[in-house]
Amino acid sequence: MDHRKKSGMKMRVKTPSLPKRVQQLNMTGTVLEQACRKLHISAIPDSLPCREDEFSDIYQFVRDKIVDGLGGCMYISGVPGTGKTATVRQVVSNLTEEYVSGYLPAFKFIELNGMKLTEPSQVYAQFLMHLTGQKVTADHAAELLEKRFSAADRRRDSVLLLVDELDLLWTRKQRVMYNIFDWPTRKHSKLVVLAIANTMDLPERLLLTRIASRMGLTRMTFQPYTFRQLQEIILSRIKGIPAFDEDALQLVARKVAALSGDARRALDICRRATELAGLDENNKTQIVAMLHVDAALQEMCSAPKIIAIRNSSLHEKIFLRAILAEFQRTGIEEAVFNKVYRQHITLCRFEGVPPPSVSQVSLLCAKLSSYRLLLSEFQRTGIEEAVFNKVYRQHITLCRFEGVPPPSVSQVSLLCAKLSSYRLLLSEGGRADMHQKIRLNISQDDVLYALRTK
């Protein structure tokens with residue numbers, strides 16, 4: 001027996017750690033260095049300009065529900081980069097300060113993001129874990145949450161639930177989304193839900209209209225920022241730091257407002273322009289000028305994925321447009337191949353282009369996936385996965401034997417689809433191809449920008 005067990009000593013568990021910083025980070029520096037730090041999207045701003053009305057409405061809605069001990073749901077929509085999540089978090093911060101000061105009843109805040117869940121039903125398990133600390137299966141968690149929000153308990157504190165990226169909780173039977181909207185309507189739930197998504201009419205698209213109307217959702221829409229608002233946001237970030245030429249700042253605001261109104265994109269461009277101004281040896285004034293903004297915009301235009309889209313074939317561009325059209329139709333940033341294929345055929349007929357076959361479009365999908373422009377499920381291309389894995393291993397072995405860099409699985413899948421389209425391989429048409437799910441691995445704004453600009 002180990003002598004440590006005999007003496008009753010417990011073995012100390014070692015955990016990885018980083019050495020402590022000897023000196024604090026130097027947060028000073030040149031004007032351009034300070035501006036660059038302030039313009040980073042991860043930097044916490046002192047205020048949220050241009051969203052005062054939306055902040056006030058959300059704040060009043062949540063505060064009234066908590067004070068009255070009632071449940072309710074607010075659906076917040078708007079294109080990406082319009083300050084939806086940031087505004088809600090600021091509301092929660094203010095409400096927390098009120099609770100600490102004793103002006104508001106106790107409440108528990110929980111934030112869930114559809115992007116961080118492996119599957120929609122996991123929202124139940126995550127919600128329950130944050131609420132009670134219990135770790136159970138998704139089905140059991142749904143049952144426990146159903147009982148909790150149906151039973152009356154005056155001693156129970158209100159719960160404020162923020163569900164971001166709501167569109168990713170889409171399921172065929174829509175049970176997950178239905179429960180999220182239905183639980184706050186229960187008489188004794190004391191649950192306030194703030195649901196955030198990009199599409200204005202997502203509940204009506206995914207749920208039956210009569211069900212959506214019965215739930216009585218409160219709506220809040222964040223409009224895209226105008227160029228004046230974008231200009232104000234940037235100026236608020238660099239307040240007291242004379243780093244930008246006024247014309248250069250206007251150029252960024254107008255360019256982004258014309259494209260999407262995304263504040264994050266505007267901050268990224270300004271930050272990159274600031275970096276370029278700092279690297280410019282001829283810039284004695286240490287001011288971001290028009291030429292630095294032009295260079296930053298040119299870099300955005302010459303990003304590898306933008307170039308890949310511009311150099312794509314006609315049908316590859318039509319396929320990307322078909323994906324965007326399907327996203328717009330459903331309000332969900334995920335599409336099924338057969339639906340995208342129908343959109344592709346419609347666009348071809350509208351523009352007088354000969355429509356491709358299913359196998360040809362399947363090849364386009366595999367090719368765009370190999371470019372990392374799309375994220376798609378494993379494409380069988382008519383070959384059983386077990387058989388494909390064996391062929392892939394043989395392929396890797398031959399590559400190593402001949403000194404050729406081995407390709408990835410997606411690249412070999414593309415080769416398989418390509419040879420099938422040439423009729424050099426005979427493969428069965430699998431249902432997995434038609435029902436595979438597709439997502440963009442690039443923002444919709446970048447796709448539109450690449451397709452519009454020559």
Considering only heavy atoms from C-beta outward, does the side chain of [X] approach that of [Y] to under 4.5 Å?
| X | Y | answer |
| --- | --- | --- |
| E111 | V92 | no |
| M300 | Y449 | yes |
| L39 | F244 | yes |
| L144 | T132 | no |
| R186 | E146 | yes |
| K84 | E54 | no |
| L128 | V136 | yes |
| F127 | V159 | yes |

Answer yes or no: does atom [atom1] of [X] have more than 12 heavy-atom neighbours from other residues, nucleotides or ligands under 6.0 Å?
| X | atom1 | answer |
| --- | --- | --- |
| E52 | CD | yes |
| K255 | NZ | no |
| E246 | CD | no |
| F109 | CZ | yes |
| R175 | CZ | no |

Does a side chain donor of either [X] or [Y] reach within less than 3.5 Å of an acceptor in the other side chain?
| X | Y | result |
| --- | --- | --- |
| D64 | Q60 | yes |
| N283 | T285 | yes |
| S313 | H315 | no |

- Message: List the residues meeting salt bridge (charged side-chain N to carboxylate O under 4.0 Å, His left out) with R329, not counting sequence neighbours, and say none if there are none.
- Response: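 Result, salt bridge (charged side-chain N to carboxylate O under 4.0 Å, His left out) vs R329: E326.
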
According to salt bridge (charged side-chain N to carboxylate O under 4.0 Å, His left out), who are the partners of R439, at least two apart in sequence or on a separate chain?
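Here no residue qualifies.
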
Under the side chain to side chain donor-acceptor pair (under 3.5 Å) test, which residues partner [X], sequence neighbours left out?
| X | answer |
| --- | --- |
| E334 | none |
| R372 | S410 |
| Q286 | none |

Sequence neighbours left out, what passes side chain to side chain contact (heavy atoms under 4.5 Å, CB included) with [X]? Give chain and number order.
| X | value |
| --- | --- |
| A253 | F227, L230, Q231 |
| R156 | R148, D153 |
| Q229 | C50, Y225, T226 |
| A138 | S121, Q122 |

Check your understanding: Can Q298 and D294 be said to form a side chain to side chain donor-acceptor pair (under 3.5 Å), step by step?
Key -> CA-CA 6 Å; Q298 189 60 38; D294 283 332; over 6 Å; no

Main-chain N/O of I309 paired with S312 side-chain donor or acceptor, under 3.5 Å: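 Here the side-chain-to-backbone pair exists.
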
- Task: Might you work through the salt bridge (Lys or Arg N to Asp or Glu O under 4.0 Å) test for E275 and R271, ending with a clear yes or no?
- Result: CA-CA 6 Å; E275 292 173 348; R271 182 175 56 83; 3.2 Å; yes

What residues form a ring pair (Phe, Tyr, Trp, His ring centres under 6.0 Å) with F107, not counting sequence neighbours?
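F107 satisfies ring pair (Phe, Tyr, Trp, His ring centres under 6.0 Å) with no other residue.
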
Any side-chain hydrogen bond (donor to acceptor under 3.5 Å, both in side chains) involving residues 256-265? Give me the pairs, sequence neighbours left out, ordered by first then second residue.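 Non-adjacent pairs meeting side-chain hydrogen bond (donor to acceptor under 3.5 Å, both in side chains): S260-D445, R265-D446.
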
Practice item. Please report the C-alpha distance between I180 and V193 in whole Å, then the side-chain angles of each, then the deciding distance to 0.1 Å, and finally whether the side-chain contact (heavy atoms from CB on, under 4.5 Å) criterion is met. Key: CA-CA 8 Å; I180 290 174; V193 173; 3.9 Å; yes

Show me the donor-acceptor pairs, under 3.5 Å and distance only, between side chains in residues 65-75 and residues at least two apart or in other chains.
| unit_1 | atom_1 | unit_2 | atom_2 | d |
| --- | --- | --- | --- | --- |
| Y75 | OH | T199 | O | 2.3 |

| task | Have a look at L373 and tell me which of L440, L368, I323 forms a side chain to side chain contact (heavy atoms under 4.5 Å, CB included) with it. | result |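 The side chain to side chain contact (heavy atoms under 4.5 Å, CB included) with L373 is passed solely by L368 among L440, L368, I323.
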
Test side-chain contact (heavy atoms from CB on, under 4.5 Å) on N113 and T85 and set out the steps.
CA-CA 11 Å; N113 192 312; T85 304; over 6 Å; no

In sequence, state the C-alpha distance, the side-chain angles, and the governing distance for K116 and E165, and then conclude on salt bridge (Lys or Arg N to Asp or Glu O under 4.0 Å).
CA-CA 9 Å; K116 298 179 182 179; E165 305 290 352; over 6 Å; no

